Amino acid sequence: MKTKYAFSILLFILLIVSRSHSDGFLKASGKFIVDGQNKQIQLRGMGLGGWLLPEGYMVLTSGFADAFWQMKNKINETVGAANADTFWTAYRKNFVTRKDIEQLSAWGFNSVRYVMHWEYFLNSNGTFREEGFIITDSLLQWCAENKIYLIFDLHAAPGGQSANNISDYNPAFLSFWESEANKFAAVKLWKELARRYKDEVWIGGYDLLNEPAWNLPNNNKDLRDIYVMITDSIRSVDKNHLLFIEGNWYATDFNGLAPAWDENMAWSFHKYWNGTDVGTINYLLTLRNETNRPLWMGESGENSNAWFAECIAMLEANNIGWSWWTYKKFETVVGPLSVPATPEYNALLKYWKGQASKPSAANAMKGLMGMAEGLKLGNCRFHPDVIDAMMRQPYSNSTKPFMPNSIPGIIYFTDYDLGSYNFAYKDIVYKNTDNA
């Protein structure tokens with residue numbers, strides 16, 4: 001009986017290990033990203049934008065609170081610091097849960113880009129803040145359970161690496177580029193992340209600096225220099241993980257960054273509001289060929305379904321993995337999940353815009369907590385057309401019903417079939433290429 005019991009325990013342990021263990025660390029192999037078995041892998045990912053770093057357009061505060069620090073000020077002024085903490089705690093808890101990662105896996109994603117803000121990991125005095133690492137540990141566990149690679153992305157570096165809301169830059173303080181202390185803090189943070197997670201095979205890599213956008217002289221020398229410093233700090237404790245390197249001006253300008261300085265690195269570019277033909281990435285294919293390092297399209301989206309399908313088909317035809325932007329937003333039609341804005345939250349927005357009187361603290365908190373509640377997966381509006389455009393349409397021109405329409409009955413004009421442009425529908429303007 002004891003032998004049978006011991007065998008059952010051993011079998012259970014082996015089952016858990018087999019489910020939690022990947023094929024090994026992702027790594028660069030010449031022009032391609034491969035897994036631990038040296039098999040080329042096609043990364044299909046989703047960015048978790050808005051979770052630890054909300055932007056104004058994501059939560060309907062564009063124009064008066066575009067950056068995270070501005071949102072926090074607005075909420076503190078309206079409901080007080082204690083209530084604000086209650087809200088933000090619920091917001092973070094509900095935005096990404098185990099169920100969300102399970103859902104991403106069910107949709108077919110094999111990676112997620114983890115949008116990180118330095119302030120969850122570092123205190124102002126330079127000591128480490130455990131809150132960010134606790135959040136990271138949970139997320140990594142959920143990803144491992146679902147065989148999803150987790151890619152760390154330093155979206156907001158100390159001081160802000162771009163002069164806009166994307167990096168939570170506050171012009172009242174020195175930027176990332178204007179402060180050696182800020183640069184040192186980023187290097188210190190990456191070394192600590194690498195030290196803690198060096199053996200985690202379900203971490204797909206480290207995206208060192210999201211969308212730097214700064215006038216950097218000497219052909220982006222400062223950008224290359226900080227990348228080399230961060231790389232050296234990581235490699236002092238972690239020889240395993242793939243590094244993703246973004247260009248200047250929102251990950252589009254790679255001038256001065258070559259040649260590659262690490263054997264296990266890839267170039268990460270972002271692609272928004274331009275064409276979907278291979279000509280739009282020819283300069284990146286040249287970079288890949290000349291440096292013998294892979295490409296990864298680390299961020300794109302905010303467009304039409306047809307653009308999504310065309311872009312992904314073009315990327316995959318050129319052996320480029322991708323990560324989309326973004327998973328959840330308020331009142332959106334261009335992402336998988338839309339969070340409904342409640343009447344109380346809309347009233348709060350009107351007050352912040354100067355269009356209504358200040359709501360009571362109770363009503364303001366009702367609006368904020370309703371917002372946090374709406375972030376739960378089961379409370380979001382799901383857009384199946386977005387997932388279909390990303391996961392099926394790049395590989396098939398077949399159509400499928402959007403809704404189970406039946407005759408007799410009412411068929412709404414907007415409920416046309418799911419499918420590619422010119423197959424399921426045809427519009428005069430069907431994608432945004434304003435930056436082309």
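Because the structure is a prediction, the values reported are computed rather than measured. Position 1 is the first residue of the sequence, and the numbers go up from there.
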Where do Leu287 and Phe269 land on the side chain to side chain contact (heavy atoms under 4.5 Å, CB included) test, with the steps shown first? CA-CA 11 Å; Leu287 177 68; Phe269 67 97; over 6 Å; no
Is there a donor in the side chain of Trp267 and an acceptor in the side chain of Thr291, or the other way round, less than 3.5 Å apart? yes
If we ignore angles and hydrogens, is there a donor and acceptor under 3.5 Å between the side chains of Thr86 and Asn83? no
Could you check whether Tyr250 and Asn164, counting side-chain N and O atoms only, form a donor-acceptor pair closer than 3.5 Å? yes
Judged by modelled atom types alone, do Arg288 and Asn319 share a side-chain donor-acceptor pair under 3.5 Å? no
Measure the spacing between CE of Met71 and CG of Asn165 and express it to the nearest 0.5 Å. 7.5 Å
Can a salt bridge be assigned to the pair Asp35 and Lys39 using a cut-off of 4.0 Å between side-chain N and carboxylate O? no
Just wondering, do Trp352 and Thr78 contact through their side chains at under 4.5 Å, heavy atoms? yes
Name the orientation class of the two ring planes belonging to Trp202 and Tyr149 (parallel below 30°, tilted from 30 to 60°, perpendicular beyond 60°). tilted
N-O pairing of Lys376 and Glu373 below 4.0 Å: yes
Would you kindly check if the NZ (Lys) or CZ (Arg) of Lys198 is within the cone defined by 45 degrees around the ring axis of Phe25 and under 6.0 Å from the six-membered ring centre? no
Quiz item: cation-pi between Lys328 and Phe95, 6.0 Å / 45°: yes
How are the rings of Tyr114 and Trp51 set to each other: parallel, tilted or perpendicular (split at 30° and 60°)? tilted
Sole residue of Tyr206, Trp190, Phe152, Tyr197 in ring pair (Phe, Tyr, Trp, His ring centres under 6.0 Å) with His241: Tyr206
Test item: side-chain donor near acceptor, Lys27 and Asn38, under 3.5 Å: yes
Can a salt bridge be assigned to the pair Glu180 and Lys183 using a cut-off of 4.0 Å between side-chain N and carboxylate O? yes
